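Proteins get letters first, then strands, A, B, ... in listed order; numbering begins at 1 in each. None of the values given here were measured: they were computed from a predicted structure.
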Amino acid sequence: MNKRSLLSLSLILAAAAALTFFKVPLAGSQGLTLVAAQVSGDLPLADLDSAVWQQATAIDVPLSAQNVVRPMMLNTNVKSITARALHNGTQLAVLVEWADDTQNDSMVRVQDFRDAAAVQFPLAEGQPFFCMGQQGGNVNIWHWKADWQADITARNDMHTLYPNMYVDQYPFSAAADPIVAAPADYADSNYLPALASGNLFASASRLSSVEDVIAGGFGSLTAQPVEGQNVQGYGVWAEGKWRVIFSRDLESTETEDASFGAGKVYSVAFAVWDGANGERNGQKSVSQWVSLQIEGVAASPAPAAAETKTESVSYEGVLWAVVPMAAMLLAILGLAGLAFLFSKLPNK
Amino acid sequence: MPEVYNWQLGRKMAYVYEEAHPQKQFAAVFNINRCIGCQTCTGTCKATWTFSKGQEAMWWNNVESKPYGGFPQHWDVKILQKLDEAHQAAGKKAEWDTAQTGEAEPYGVYNGMTITEAATPEQQALGYLPPDSEWRAPNFYEDTSTGYKGDNLGISTEGASLPEHQTWFFYLQRLCNHCTYPACAAACPRKAIYKRPEDGIVLIDQARCRGYRKCVEQCPYKKTMYRGTTRTSEKCVACYPRVEGNDPLSDGVPMETRCMAVCPGKIRMNGLVDIAEDGSWAEAPNHPLYHMIKVEKVALPLYPQFGTEPNIYYIPPRWAPRAYLRQMFGPGVDEAIARYVAPSRELLAVLQLFRTTQKMIFRYEIEEGPLVLETEVNGQPWQMYDDTVIGFDAQDREVARLSVVEPIHERPVERLNSI
Ligand code: SF4
Ligand code: SF4
Ligand code: SF4
């Protein structure tokens, strides 16, 4: 690399570090609060049009291109998402919506990249670096993938993308019709080394469209083991728009999972990839941290020692929770005042 | 970006990671002059490693007809064009300074930019992602020669006279170069690609790969390939069970890979060379690869200007235009062809060792024989001796013994017709 680009990269890094340190919002999303509204009964985990979603207040979260490390793409396509959240005391559901002209839900051809979205939660106290955390500041990421969503209905495969293909046989596959051989037809997974090594991408069957992963800085993204995959997803593309629901139990005892409790405030960040634009890995649109407030009354105060790390709330989190609540209180008082005045106006 | 020393370029260059070297390096010499384009190597690799679903268009080994053929199509023309555009944009020239050559800069000093030096913020190395259409028809333009402009049939009566044929093509045998500074590893944002410290073999960790195809995009030789069924990328594994000596046939010593060992044209020699701590090749004058690459410099790296320090070396075809070959193998081409056309007594003996055993040869000895031919090559006197060359495996056991003049056995009259 020449000196100039080295210098500019270090300047960007320094600026990013400074901005992070002083918590200056890059995409102006700090100060936003996503309130997970408390509802009773089942959450609409696979019903995008359910009236229950209307009980949650939607917020628009601005996104900007990841521009700290290579590979970056400064002209990513998605500039904002709309988020809503619900909980019913046992489960949490987050609905993320964004505009996307094309539906990219296959990863079979070499030039195919998927549309995807992720929500991210800190695993430690405070807010680590908003882009995949940092060393000593792990994050839990729920990564929804359009191709995994499509795989649940029918696994994308060579013969679905190349319907006119022909093959005499695939050795060691037990499929009666060789063309439709699926990973599950291989008795010996060594012929699919990614499957043999436990890579979820190669899984013979999809149980969820969301991958539950942890990260502690760039390049460290690691899938949780199969037993730890406990996030569900449901996404539909229609009329130039993706709508995706992420859901999981509010509480989790797994150390690699974020855990939530009613009446508390956490942090959440979002990321979106547009497959048609070749976006993948660090080439993505990301948000800053947004406060996530789980509506309701906190369970009876636990002794401080028993407090889990994810339950600790940053000073800033409290601030961002308190400020909007105070504002809301003032607004309600104002409205009540106005209503009072109106009621005093003479009737016709 | 850290700086690393690339001896093929005779200078330090920018690379994503700090300089670090394996104890041994997987390497090979391919003698282009002898290749018959039979694709036995290609088919053997496929029958060994890539016969499963999702690997249909995956040819870890391929043989393409130059100048038009390429797998994926026009891979080298495309990356050369990108590199050229980067030079033009930067107002630089991709030139070699051949005035200074020495141990640490055998081909001179490359003053242009490598693919890591010409990278954009989007990438660690300059590259592009070939779509599926370009991975199809892997042997397109097979045996297609250039046209001769002097005749409307495209045929020249003196077409086949040396040093340069008027109408020409040659086979280029390709597999992963197990580069010293792999662009695939530089490109991977997850560090899922690694170079083994014991033999320098470059592998993709199938558990960590997330199918980003950054390696497919940035390997200049296009030797990592995407597999749609597993959603991960795969590449040549250098037949590592054989290199490790774990193959049942190998007798506990390193064995040449499948594509090397099957070659009927006897063009390939594969081995492991010792690497010194500073990355230079530890002196081993009696190692056949060291002798051909370092002493005689008769075998050259493919597109050294890319900057990955590839470890497959080629004896260039003696009939192709030199400007084309210099672009492909660097400034050492003229000397390499001169040394191949009129080989030294020792080189001629070493060239006999190709494809005489499946075991890797780590050392050779030469028993001198009589002078059998005196002639002229390119106006210079040249002598041939019937020397005997003996190859030894990793445990210093004799595994090959060949004389320069092939022994002739005459059948007795009564068995003339027996088969
Ligand atoms: S040839 Fe390509 S795939 Fe092989 S090591 Fe070099 S950069 Fe990596
Ligand atoms: S070394 Fe082995 S894996 Fe690599 S191309 Fe040759 S046969 Fe294939
Ligand atoms: S097997 Fe040998 S002769 Fe045949 S194409 Fe391959 S390298 Fe050439």
Side-chain angles (χ1 to χ4, degrees), chain A residues 1-2 5-6 8-9 12 67 69-74 106-114 147 155-159 161-162 165 167 169-173 175 178-179 181-183 185-186 191-203 218-223 278 280-283, chain B residues 1-3 13-16 47 49-57 72 90 92 113 116-125 129-135 186-192 204-214 216-218 225-234 237:
Chain A
M1 198 196 289
N2 60 36
S5 46
L6 197 70
S8 51
L9 182 66
I12 292 172
N67 62 358
V69 288
R70 291 181 189 206
M72 47 183 105
M73 183 187 279
L74 302 178
S106 168
M107 286 263 285
V108 171
R109 300 183 310 167
V110 61
Q111 66 270 39
D112 290 339
F113 295 96
R114 62 163 80 91
D147 61 318
R155 196 181 199 278
N156 272 303
D157 208 325
M158 300 306 287
H159 62 276
L161 265 287
Y162 301 101
M165 70 183 274
V167 70
Q169 60 155 337
Y170 289 114
F172 309 107
S173 126
I179 289 281
D185 293 315
Y186 280 88
Y191 298 103
L192 298 113
L195 177 63
S197 59
N199 190 327
L200 291 177
F201 280 44
S203 289
F218 292 110
S220 68
L221 197 70
T222 305
R280 75 265 201 200
N281 66 84
Q283 295 171 317
Chain B
M1 245 192 246
E3 297 240 292
M13 59 159 214
Y15 185 64
V16 182
W49 300 108
T50 62
F51 49 74
S52 297
K53 202 172 186 187
Q55 298 177 310
E56 294 80 1
K92 291 187 182 171
M113 292 189 287
T116 42
E117 290 165 342
T120 63
E122 303 208 340
Q123 305 173 322
Q124 300 287 8
L129 186 71
D132 58 351
S133 55
E134 294 177 12
W135 295 95
C188 180
R190 299 182 47 66
K191 302 190 181 81
I204 302 178
D205 181 342
Q206 289 297 309
R208 278 195 69 70
C209 176
R210 287 176 75 85
Y212 293 150
R213 285 153 274 176
K214 287 286 159 196
V216 185
E217 181 181 274
Q218 291 167 56
M225 296 162 203
Y226 181 66
R227 183 168 179 182
T229 48
T230 59
R231 328 280 201 247
T232 56
S233 297
E234 297 180 354
V237 294

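In terms of non-hydrogen atom pairs under 4.5 Å with chain B, the most contact-rich of A/Val108, A/Leu200, A/Leu74 is A/Val108. Looking only at heavy-atom pairs under 4.5 Å with chain B, the residue among A/Pro171, A/Ala196, A/Gly198, A/Ser220 that has the most is A/Pro171. If you tally non-hydrogen atom pairs under 4.5 Å between each of B/Asp205, B/Thr50, B/Thr120, B/Val216 and chain A, the highest count goes to B/Thr120. Of the listed residues (A/Arg109, A/Met165, A/Gln169), the greatest number of heavy-atom pairs within a distance under 4.5 Å of chain B belongs to A/Arg109. Your options are A/Thr222, A/Asp147, A/Val167, A/Asn199, and the one with the most heavy-atom pairs under 4.5 Å with chain B is A/Asn199. Among A/Gly282, A/Ala194, A/Ala202, A/Gly278, the residue with the largest count of heavy-atom pairs under 4.5 Å with chain B is A/Ala194.
Here the closest non-hydrogen pair linking B/Phe51 and A/Tyr191 is CZ-CE2, 3.4 Å. Counting all heavy atoms, side chain and backbone alike, B/Glu234 lies closest to A/Pro193 at OE2-CD, 3.6 Å.
Put simply, the side chain of A/Arg70 never gets that close to the backbone of B/Ala187: no donor and acceptor are under 3.5 Å apart. Side chain of A/Tyr170 to main chain of B/Gly54: no donor-acceptor pair is present (N/O by atom type, distance under 3.5 Å, no hydrogens or angles). Checked by atom type and distance alone, the side chain of A/Gln111 pairs as donor or acceptor with a backbone atom of B/Asp132 at under 3.5 Å.
With a threshold of 4.5 angstrom between heavy atoms, B/Trp135 approaches chain A through side-chain atoms but not through N, CA, C or O. Contact annotation for B/Gln123: only backbone heavy atoms (N, CA, C, O) come within less than 4.5 Å of a heavy atom of chain A. Within the 4.5 angstrom heavy-atom criterion, atoms from both the backbone and the side chain of B/Thr229 approach chain A. For B/Lys53, the parts sitting under 4.5 Å from any heavy atom of chain A are the backbone and the side chain alike. There is no contact between B/Ser233 and chain A, counting heavy-atom distances below 4.5 Å.
Taking OH of B/Tyr212 as the start and CD of A/Gln283 as the end, the distance is 10.5 Å to the nearest 0.5 Å. Of the inter-residue distances, the one linking A/Asp112 atom CG with B/Arg213 atom CZ reads 7.0 Å to the nearest 0.5 angstrom.
Contact check for A/Arg280 versus B/Arg210: no side-chain heavy atoms found under the 4.5 Å cut-off. Between B/Arg190 and A/Asn281, every side-chain heavy-atom pair lies at or beyond the 4.5 Å cut-off. No side-chain heavy atom of A/Pro71 sits under 4.5 Å from any side-chain heavy atom of B/Gln218.
Every residue was checked against the salt bridge (charged side-chain N to carboxylate O under 4.0 Å, His left out) condition with B/Arg208, not counting sequence neighbours, and none meets it.
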Can you check side-chain contact (heavy atoms from CB on, under 4.5 Å) on A/Leu192 and B/Arg227, steps first, answer last? CA-CA 10 Å; A/Leu192 298 113; B/Arg227 183 168 179 182; 3.8 Å; yes
